[in-house]
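Below is one structure; the comments refer to it alone.
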Amino acid sequence: MTSVRRSNREAEPVRPTAEDAVAAAGSELIGGPAGRRALLGTSWWTPVRIIALVVIGMFALGMVQKVPCYNGGWFYGATAQYTHACYSDIPHLYAGRGFAENVVPYFHRIPGAADGMDYLEYPVLTGLFMEVASRLTPHSGSVQHQEQIYWMVNAGMLMVCAVVIAVCVSRTHRRRPWDALLVALAPALALTATVNWDLFAVALTSAGILMWSRSRPLAAGVLLGLATAAKFYPVLLLGALLVLCLRAGRLRAFGTALGGALAAWLVVNVPVMISSRGGLHLREGWLAFYTFSRDRPVDFGSLWLVVSQRSGDPLDNVNTYATLLMLLACAGIAALVLCAPRRPRLAQIAFLLVAAFVVTNKVYSPQYVLWLIPLAALARPRWRDFLVWQACEVMYFLGIWMYLAYTGSGDKHRGLPPEGYQLAVIVHVLGTLYLCALVLRDVLMPERDVVRRDGSDDPSGGVLDRAPDAFVLGEARRAAAYEGTARVEWGVRPE
């Protein structure tokens with residue numbers, strides 16, 4: 001009878017209103033927490049469908065927030081798009097990167113780019129996304145009208161990406177579909193979804209995590225390879241898989257994922273990478289993303305900018321400093337994986353790695369928060385902590401636009417002065433580190449991990465889920481020796 005009751009318990013979805021005080025309080029807006037006898041999932045209104053509709057609603061609200069810019073802020077007035085906090089790269093780059101003139105990214109030089117960019121400075125798959133949207137945009141009428149339609153077309157395509165992200169998060173932890181509401185209701189997602197094209201890479205990454213959770217390493221690798229072809233950060237998840245698979249003795253699965261990722265990345269990049277004119281060599285247009293990333297100086301949102309502004313030092317060696325700090329962070333996270341008393345969950349390590357990259361990088365654009373939102377929902381599904389972090393990100397979102405309004409308004413200085421902007425940057429970093437500290441605590445004290453309280457091990461781990469350890473160090477080695485005499489059943493409180 002005990003095993004039957006436990007199997008029934010494991011089949012039931014976790015109700016956030018039963019374990020999260022903030023979720024329970026928020027549910028009062030729609031009638032209060034679900035009762036013990038509620039027949040959930042027995043109608044058309046399944047969790048996944050509800051979450052998909054919620055994310056569409058929030059995305060639409062984000063589009064409404066851009067209306068002041070759509071109606072003129074992108075085109076008239078030096079700082080209107082900043083004072084209304086509705087800036088987007090999308091309409092500006094339609095003309096600025098030659099799409100209005102049918103320039104093919106990477107193959108054609110951009111004629112007369114105002115900022116000196118000769119070629120598109122985005123990875124290949126993102127460039128393809130931009131080109132597809134351009135082909136769907138009627139090239140008639142005024143350039144302003146074309147830019148408005150181009151933004152609308154991109155917004156429609158990015159809305160699909162947002163739904164994919166929310167659905168993938170909902171399905172990754174089978175017993176915790178409602179955790180995806182953290183993604184769907186994230187204020188920063190609504191505000192930054194159409195600032196740039198990052199949602200495309202985030203959608204591919206989320207789908208890759210879902211495939212890994214289903215023990216399909218090849219499909220996961222292919223999706224992560226495609227995501228890396230759209231944005232650089234997803235490659236960090238391969239590092240997370242490497243150390244976790246090393247500890248679990250699942251290196252063959254990792255090799256399969258790595259092979260799939262490399263093959264997918266090459267299939268996308270090689271046709272654009274190699275030019276046969278005058279002999280085989282790397283195409284200048286393809287290199288633009290990498291040379292731009294290397295040569296870019298200290299920029300908005302980074303702690304390096306705060307240091308530079310406060311000290312007056314341009315930090316010409318910032319690439320070296322940022323790389324060293326990131327390598328130290330990666331080494332520390334790898335040691336954490338191998339030494340933790342219980343193997344960390346994939347989502348926890350993925351979040352820590354991407355957060356380390358965000359904090360140490362020389363630039364932090366407002367939309368980079370999108371990289372972390374689905375990982376945060378999987379790593380630490382607690383509404384209070386998630387909303388504290390989101391509040392910090394919203395403050396930064398407003399801070400950067402008010403700072404640009406200040407610097408763009410001449411002697412009037414309408415907006416946020418440098419000291420205020422520096423404070424906004426520090427708030428963003430502290431908010432990210434706050435969530436990192438909680439995830440780190442859950443790793444070191446797995447009994448505090450809300451995902452594991454019901455007896456789960458690693459719902460997003462796929463082949464790692466409930467796998468015995470094969471290679472451990474330090475505290476993990478001593479914990480393994482202890483479990484040889486007194487086995488712990490996770491999720492069951494001791495008497």
Side-chain angles (χ1 to χ4, degrees), residues 89 93 97-99 101-111 113 117-136 154 157-158 160-161 164 196-212 216-242 245 251-296 319 323 353-354 357 371:
D89 287 324
L93 295 187
R97 295 299 177 265
F99 292 106
E101 303 177 44
N102 293 313
V103 169
V104 179
Y106 316 109
F107 293 89
H108 295 163
R109 188 180 296 270
I110 301 168
M117 292 299 303
D118 293 329
Y119 295 96
L120 184 67
E121 72 278 24
Y122 287 85
V124 171
L125 208 55
T126 295
L128 177 61
F129 189 96
M130 299 163 73
E131 175 67 12
V132 169
S134 175
R135 296 299 178 98
L136 295 174
N154 275 280
M157 295 168 66
L158 291 171
V160 174
C161 293
V164 169
N196 201 277
W197 291 271
D198 292 62
L199 273 182
F200 180 45
V202 178
L204 291 169
T205 304
S206 300
I209 294 173
L210 174 61
M211 288 298 100
W212 182 268
R216 297 174 63 183
L218 179 60
V222 168
L223 286 164
L224 290 176
L226 293 175
T228 305
K231 209 74 178 179
F232 175 77
Y233 88 91
V235 75
L236 296 172
L237 272 70
L238 293 173
L241 289 174
L242 171 60
C245 288
L251 289 177
R252 178 174 293 182
F254 170 75
T256 301
L258 179 62
L262 183 60
W265 188 89
L266 289 172
V267 165
V268 171
N269 280 270
V270 167
V272 181
M273 180 193 310
I274 304 300
S275 174
S276 59
R277 293 183 181 180
L280 293 177
H281 62 276
L282 292 178
R283 193 184 301 274
E284 187 179 357
W286 178 81
L287 284 170
F289 165 68
Y290 301 95
T291 55
F292 174 75
S293 300
R294 180 196 64 198
D295 299 337
R296 189 176 194 174
N319 285 339
T323 301
L353 280 172
V354 177
F357 181 73
W371 306 353

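No experiment lies behind these values; they were computed from the predicted model shown.
Counting only heavy atoms from C-beta outward, the side chains of L236 and W371 never approach each other to under 4.5 Å. V354 is listed as a side-chain neighbour of L237, based on a closest heavy-atom distance under 4.5 Å. Counting only heavy atoms from C-beta outward, the side chains of V164 and S206 never approach each other to under 4.5 Å. R97 is not listed as a side-chain neighbour of Y122, based on a closest heavy-atom distance of 4.5 Å or more. For the pair F129 and N154, the minimum side-chain heavy-atom distance is below 4.5 Å. Between P105 and M130 there is no side-chain heavy-atom pair separated by less than 4.5 Å.
Heavy atoms only, all atoms of each residue included: L120 and G127 are closest at CD2-CA, 3.7 Å. The two residues A220 and W212 make their nearest non-hydrogen contact at CB-N, 3.6 Å. Heavy-atom minimum distance, N196 versus L158: O-CD1, 3.6 Å. Looking at every heavy atom in both residues, A230 comes nearest to A201 through CB-CB, 3.9 Å. Here the closest heavy-atom approach between residue L204 and residue A227 is recorded as CB-CB, 3.7 Å. Here the closest heavy-atom approach between residue Y119 and residue A288 is recorded as CB-CB, 3.9 Å.
The aromatic rings of F232 and F357 sit tilted relative to each other, their planes meeting at an angle between 30° and 60°.
In terms of modelled atom types and a separation under 3.5 Å, the side chain of Y290 and the main chain of P123 share no donor-acceptor contact. Of the possible polar contacts, one joining the R283 side chain to the V272 backbone as a donor-acceptor pair under 3.5 Å is found. When atom types are taken as modelled, the side chain of N319 and the backbone of R294 share a donor-acceptor pair closer than 3.5 angstrom.
The OG1 atom of T228 sits 10.5 Å away from the CG atom of L223 when rounded to the nearest 0.5 Å. Here the straight-line distance linking atom CG of N102 with atom CZ of R135 works out to 7.0 Å at 0.5 Å rounding. Once rounded to the nearest 0.5 Å, the distance linking CG of N269 with CG of L125 reads 8.5 Å. From F200, atom CZ reaches atom CE of M157 across 7.5 Å, with rounding to the nearest 0.5 Å. The distance from atom CG of D118 to atom NE2 of H108, rounded to the nearest 0.5 Å, is 14.5 Å. Atom OG1 in T291 sits 8.0 Å away from atom CD in E284 (nearest 0.5 Å).
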Tell me, with the steps shown, if L258 and L238 meet side chain to side chain contact (heavy atoms under 4.5 Å, CB included).
-> CA-CA 7 Å; L258 179 62; L238 293 173; 4.3 Å; yes
Side chain to side chain contact (heavy atoms under 4.5 Å, CB included) evaluation trace for Y233 with T205 | CA-CA 9 Å; Y233 88 91; T205 304; 3.5 Å; yes
Evaluate the criterion side chain to side chain contact (heavy atoms under 4.5 Å, CB included) for residue pair L241 and L224; output intermediate values, then yes/no.
-> CA-CA 11 Å; L241 289 174; L224 290 176; 4.2 Å; yes
Decide side chain to side chain contact (heavy atoms under 4.5 Å, CB included) for V235 and W265; before the verdict, give the C-alpha distance in whole Å, the side-chain angles of both, and the deciding distance to 0.1 Å.
-> CA-CA 11 Å; V235 75; W265 188 89; over 6 Å; no
